[in-house]
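When a ligand or atom number is given, it counts from 1 through the structure's own listing order.
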Amino acid sequence: MTRRFDILTLFPEGIVTYLQSSLLGKAVEKDLLEFKVHQMRDYAEDKHRRVDDVLYGGGEGMVMKPEPLAKAIEQIRKDYRKGRVIYLSPQGRRLDQALVRELGDYQELLLICGRYEGIDERILEGWVDEEVSLGDFVLCGGELAALAVVECIARYVPGVVGKAKSLEEESFAEGLLEYPHYTRPEEFQGRRVPDILLSGNHGEIERWRRREALRRTFEKRPDLLEGLKLSEEEREFIEELREKRR
Ligand code: 4GX
């Protein structure tokens, strides 16, 4: 079944262009993914197609009006079978690979991109299933966050990314940073590719890669090592890294 993504935004052009390019565009051609990008103004009720309004209680800035949002969400999700409505905002659950996998279970996703100071609270209460955040920083709108969410989920739809690559990820790198990568030439401006990679000894190469992945993770993202299942040898290796640090 084709995985469907709806994106509700005031700036559809850039979204469409991005989705048509690269891997995602190819997956659409293969009927693995379907994208529908909706202009929020098309659901406005007045002749000026107004979607924002001033704050009750006063204060700077504008908020997205509830009527166009409710109308859009209801219309878009009317033929959802198993779908979910997501609002992108810094108040949401932080996106990580676990959330990507959870969201990947839905047949349809509607991603709502807010601008201004956000959307009327009643829409969050009554029409949105879940808030998702890209991280603790403030964008100008939800569009980049929606694209990030879509792309992460799309990669796990079978056939979107080459099989060899995705299987490798599953069995090996999940939960760790990647080992260092090199391509030709053997020497570049005085920097050589590690000898082991030129040795042709695949067993040793695998071992080296696993250790380098562990080393990087230990140095750059030690938080990722918590709760990871490691072999005896790997735990010893991490212990050695700790010793050396002291
Ligand atoms: N991860 N933004 C939402 C409008 C807004 C403002 C306040 C609710 C409250 C973002 C992020 C993000 C910018 C999208 C502000 N909504 N989205 N927008 N970080 O920064 O997802």
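Contacts with ligand 1 closer than 4.0 Å are made by side-chain heavy atoms of Gln91 only, the backbone lying farther away. Contacts with ligand 1 closer than 4.0 Å are made by heavy atoms of both the backbone and the side chain of Ser133. Looking at Tyr87 against ligand 1, only its side chain comes within 4.0 Å, counting heavy atoms.
Contact check on Asp129 versus Arg77 returns a salt bridge, with a Lys/Arg side-chain nitrogen under 4.0 Å from an Asp/Glu carboxylate oxygen. By the 4.0 Å N-to-carboxylate-O rule, Glu239 lies close enough to Arg242 to be salt-bridged with it. Ion pair Glu45/Arg50 not flagged as a salt bridge, since none of the NZ, NE, NH1 or NH2 atoms sits closer than 4.0 Å to an Asp/Glu carboxylate oxygen. A salt bridge is absent between Glu108 and Arg84; no separation between the charged side-chain nitrogens and carboxylate oxygens falls under 4.0 Å. One finds no salt bridge joining Arg122 and Glu125 here, because no Lys/Arg side-chain nitrogen approaches an Asp/Glu carboxylate oxygen to under 4.0 Å.
Near Ala145, meaning under 4.0 Å from one of its heavy atoms, ligand 1 places the atoms 17 (N), 21 (O). Atom numbering of ligand 1 starts at 1 in the shown order; those under 4.0 Å from a heavy atom of Gly135 are 19 (N). Shown in contact with Tyr116 at under 4.0 Å from a heavy atom are these atoms of ligand 1, numbered in order with element: 4 (C). Which parts of ligand 1 touch Val138 is read off a 4.0 Å heavy-atom cut-off, strictly below it: atoms 20 (O). Near Gly142, the atoms of ligand 1 lying under 4.0 angstrom from a non-hydrogen atom of the residue are 14 (C). Residue Gly118 has at least one heavy-atom neighbour below 4.0 Å for each of these atoms of ligand 1: 4 (C), 5 (C), 6 (C), 8 (C), 16 (N).
A side-chain donor from one of Tyr156 and Gln97 sits under 3.5 Å from a side-chain acceptor of the other. Between Glu34 and Thr2, the side chains place no donor N or O within less than 3.5 Å of an acceptor N or O (distance only, hydrogens not considered).
Protein heavy atom nearest atom 18 (N) of ligand 1, with residue, atom name and distance: Gly114 O, 3.8 Å. The single protein non-hydrogen atom nearest to atom 13 (C) of ligand 1 is Leu139 O, 3.1 Å, given as residue, atom name and distance. Distance from atom 7 (C) of ligand 1 to its nearest protein heavy atom, with residue and atom name: Glu117 O, 3.3 Å.
Checking only distances, Phe137 does come within under 3.5 Å of ligand 1, N or O to N or O. Of the polar atoms of Ile119, none of the N or O atoms is found under 3.5 Å from an N or O of ligand 1, judged by distance alone. Checked against a 3.5 angstrom limit, the closest N/O atoms of Cys140 and ligand 1 fall outside it. At a 3.5 angstrom cut-off on N or O pairs, Leu134 counts as close to ligand 1.
For Lys71 and Tyr43, the positive end is not near the middle of the six-membered ring at less than 6.0 Å and at most 45° from its axis.
Nearest to atom 3 (C) of ligand 1 by heavy-atom distance, out of Ile112, Leu88, Val63, is Leu88.
One distance of note links CG of Asp6 with CD1 of Ile86; it measures 11.5 Å at 0.5 Å rounding.
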| request: List the steps, then state whether salt bridge (charged side-chain N to carboxylate O under 4.0 Å, His left out) holds for Asp136 with Arg94. | output: CA-CA 8 Å; Asp136 296 337; Arg94 273 274 282 281; 3.1 Å; yes

Show me, pair by pair, the donor-acceptor contacts under 3.5 angstrom made by side chains of residues 19-27, not counting sequence neighbours?
unit_1, atom_1, unit_2, atom_2, d
Ser21, OG, Tyr18, O, 2.6

